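One structure below.
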Amino acid sequence: MPSAETTRTSVHKPPTSAQQPEPVRPTKEDEVAAAGSELIGGPIGRRVLFAATWWTPVRVIALVAIGMFALGMVQKLPCYDGAWFQGASSQYTHACYSDIPHLYQGRGFADGLVPYFDKLPGDMEYLEYPVLTGVFMEVASWLTPGSGSIQHQEKFYWMVNAGMLMACTAVIAVCVARTHRRRPWDGLLVALAPAFALTATINWDLFAVALTAAAMLMWSRRGAASAGIFLGLATAAKLYPALLLGPLLILCWRAGRWRAFWTATAAAVGVWLVVNLPVMIDHDSTGFHLREGWAKFYTFSQERGVDFGSFWLVLSQRMDEPLSTDTVNTLASALMLLACLGIGALGLTAPRRPRFAQLAFLVVAAFILTNKVYSPQYVLWLIPLAALARPRWRDFLIWQACEVAYFLGIWLYLAYTTSGDAHKGLPTEGYQLVVVVHLLGTLYLCAVVVRDILMPERDPVRRSGDDDPSGGVLDGAKDVFVLGQAAHPPRHAAHSTEGTYVRWGSPPTDISP
């Protein structure tokens with residue numbers, strides 16, 4: 001068995017002090033990537049010099065991501081041409097639904113109402129999105145002409161939002177490509193992800209995903225304060241980025257890097273308060289209190305019943321007496337807490353401290369798996385984390401195939417439920433099957449990430465000679481607090497006929513005679 005400090009890898013010559021570490025070429029270490037590269041001329045040679053041309057890996061990945069985003073917009077063309085406004089079923093049969101045009105009028109933007117301050121007509125009294133996402137939606141409404149029919153305005157509003165979300169896509173691609181310095185081509189996993197293109201313009205999630213990707217990039221560059229700032233902004237746009245503080249707590253605890261953790265946490269909390277306080281606090285003759293409009297996101301999330309995509313919905317549809325919303329809230333919170341405790345235990349007992357991206361992926365995936373709703377665009381939360389946590393095309397594409405199946409299944413099921421007696425689409429049993437497929441695909445990717453943590457020699461990133469390139473101050477750091485067998489690693493590593501080992505955080509070292 002390899003020790004906690006060394007593991008076998010492929011044979012490399014150690015770079016001299018005057019040389020920069022050689023970038024990892026996925027076509028050399030990934031069979032699927034090598035086979036796919038035949039479509040564009042074959043694997044990249046070792047003498048290729050991207051720095052000598054304009055076509056650097058980061059620029060290529062950003063352009064590919066924008067191109068795939070544009071294809072996703074083309075996929076929404078049937079809805080843009082009228083399916084959004086021709087009854088509910090049409091937009092589902094074409095699998096081109098988006099919240100964006102419907103909420104332009106439904107949340108008061110067409111009438112110039114101010115989010116969180118002005119009450120809305122209808123059942124939803126206030127905007128049910130976090131503050132920074134509300135700002136994003138409001139800015140897009142300012143750029144939408146107020147002339148013409150309401151349908152024309154809604155289509156233009158979607159187009160404006162699509163342009164802004166395309167910019168977010170470029171940010172995500174660049175951040176992921178630059179987070180692992182020696183592995184920029186892993187960003188192609190994000191750029192070419194089919195579920196990314198299909199779900200990018202369903203809602204405004206890409207804004208929070210872009211801010212989260214920027215936070216991870218800043219952390220990888222040892223900028224704890226700047227990482228916290230972006231993480232605070234991301235949490236002000238969507239709640240899930242706050243979960244990343246949990247993995248940072250575990251990893252900084254194990255490495256004894258408390259200063260970096262508290263700096264990032266303080267910056268995140270401070271920025272979140274700066275964004276939210278102007279909207280959160282109301283004052284009247286009775287004193288200060290929380291503004292009802294600001295609290296709508298949190299109360300709506302609490303009161304919302306079991307919804308599409310979750311295993312709770314499958315249970316409810318197959319039970320004679322479905323669980324109440326309060327019961328589901330309690331059980332879902334308990335399951336999430338257990339999952340977080342398990343991830344924390346894994347982080348403290350693994351033979352080598354897990355990489356930041358690995359634990360970040362696991363905790364967000366746990367939230368998705370235990371939540372009472374799974375909207376199709378939630379896959380966007382996981383795609384950048386998956387590319388950093390498990391940069392292997394086979395596993396990534398297996399998971400993506402499951403997510404594409406769910407994307408098609410949800411719309412066909414809604415087409416079935418809205419087509420009346422015609423019953424065009426996917427019946428309930430078929431929809432339950434695609435929900436299970438989505439759950440199994442996510443669990444599969446979680447399983448291989450956990451395996452990489454327990455067996456670091458299987459981790460593609462560490463087999464290339466790196467320790468934790470997304471870890472910032474954690475990269476190459478020694479452990480100061482561990483539990484279980486990790487506290488008593490074997491004294492010597494097992495010998496190998498290849499005679500090459502990786503010492504974490506150092507270039508590969510040849511110890512052959």
Side-chain angles (χ1 to χ4, degrees), residues 36 39 59-85 90-104 133 136-137 140 144 154-177 187-213 237-238 308-309 374-387 393 396-397 399-412 414-415 434 438 441:
L39 298 173
R59 288 173 178 168
V60 170
I61 290 165
L63 290 175
V64 171
I66 291 173
M68 286 293 290
F69 184 96
L71 288 177
M73 293 179 64
V74 172
Q75 190 268 332
K76 300 294 187 291
L77 187 60
C79 278
Y80 191 85
D81 281 345
W84 283 328
F85 317 107
S90 181
Q91 60 189 330
Y92 301 141
T93 55
H94 289 92
C96 55
Y97 174 84
S98 172
D99 289 324
I100 294 173
H102 299 299
L103 296 188
Y104 176 67
T133 296
F136 190 96
M137 299 163 74
T144 301
E154 288 176 348
K155 292 195 293 185
F156 204 98
Y157 183 64
W158 178 83
M159 189 63 72
V160 170
N161 276 280
M164 296 167 67
L165 293 172
M166 181 181 286
C168 293
T169 297
V171 170
I172 295 167
V174 170
C175 289
V176 173
L188 277 178
L189 291 164
V190 176
L192 292 174
F196 192 106
L198 291 171
T199 63
T201 57
I202 292 179
N203 203 278
W204 292 270
D205 294 64
L206 275 184
F207 182 42
V209 176
L211 293 170
T212 305
K238 205 77 178 180
F308 296 114
Y374 177 74
S375 297
Q377 72 273 9
Y378 288 4
V379 69
L380 297 171
W381 305 357
L382 284 177
I383 288 176
L385 298 175
W393 280 94
F396 189 84
L397 291 176
W399 170 58
Q400 283 291 287
C402 296
E403 292 299 329
V404 171
Y406 178 74
F407 173 84
L408 297 174
I410 176 65
W411 305 130
L412 290 176
L414 287 171
V434 296
H438 142 67

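Fair warning: this is a prediction, and the values are worked out from it, not measured in the lab. Just so it is clear, the values below take in all heavy atoms, side chains as well, and ignore hydrogens, waters and symmetry mates.
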To check you understand the geometry: which heavy-atom pair defines the closest contact between [X] and [Y], and what is its length?
| X | Y | result |
| --- | --- | --- |
| V176 | G187 | CG1-CA, 4.0 Å |
| A387 | V190 | CB-CG2, 3.7 Å |
| L165 | T201 | CD1-CA, 4.3 Å |

| said: Using the side-chain contact (heavy atoms from CB on, under 4.5 Å) criterion, which residues pair with S98? Sequence neighbours excluded. | reply: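 So S98 forms a side-chain contact (heavy atoms from CB on, under 4.5 Å) with W84, I100, P101, W158.
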| message | Using side chain to side chain contact (heavy atoms under 4.5 Å, CB included), reason through W381 and T212 one step at a time and then give a plain yes or no. | response | CA-CA 9 Å; W381 305 357; T212 305; over 6 Å; no
State, with a plain yes or no, whether a side-chain heavy atom of [X] is found less than 4.5 Å away from one of [Y].
| X | Y | result |
| --- | --- | --- |
| F308 | L414 | yes |
| C96 | Y80 | no |
| P384 | V209 | yes |
| F196 | I172 | yes |
| F85 | K155 | yes |
| V160 | Y104 | no |
| F207 | N161 | no |
| F396 | L192 | no |

| Ignoring hydrogens and geometry, is there a side-chain-to-backbone donor-acceptor pair from Q400 to A195 under 3.5 Å? |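 It does hold such a pair.
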| task | Please collect all salt bridge (charged side-chain N to carboxylate O under 4.0 Å, His left out) contacts where either partner lies in residues 156-176, sequence neighbours excluded, each pair once. | result |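 Counting only pairs at least two positions apart or across chains, no salt bridge (charged side-chain N to carboxylate O under 4.0 Å, His left out) contact touches residues 156-176.
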| request: Please list all pairs passing the salt bridge (charged side-chain N to carboxylate O under 4.0 Å, His left out) test where one or both residues lie in residues 203-213, with sequence neighbours left out. | output: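 As it turns out, the salt bridge (charged side-chain N to carboxylate O under 4.0 Å, His left out) pairs with a partner in residues 203-213, which skip direct neighbours, are D205-K238.
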| said: Going by the rule side chain to side chain donor-acceptor pair (under 3.5 Å), which residues pair with Y374 if we only count those two or more places apart in sequence or in a different chain? | reply: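 Listed in chain order: E403.
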| said: Suppose we screen for side chain to side chain donor-acceptor pair (under 3.5 Å). Which residues come up paired with Y97, at least two apart in sequence or across chains? | reply: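 Only D99 meet the side chain to side chain donor-acceptor pair (under 3.5 Å) criterion with Y97.
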Could you pull out all donor-acceptor pairs under 3.5 Å where a side-chain atom in residues 65-76 meets a protein atom, sequence neighbours excluded?
unit_1, atom_1, unit_2, atom_2, d
Q75, NE2, A95, O, 2.7
K76, NZ, L198, O, 2.7

| query | How about Y378: does its OH atom have over 12 heavy atoms from other parts shown lying under 6.0 Å from it? | reply |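 Check passes, neighbour count above 12.
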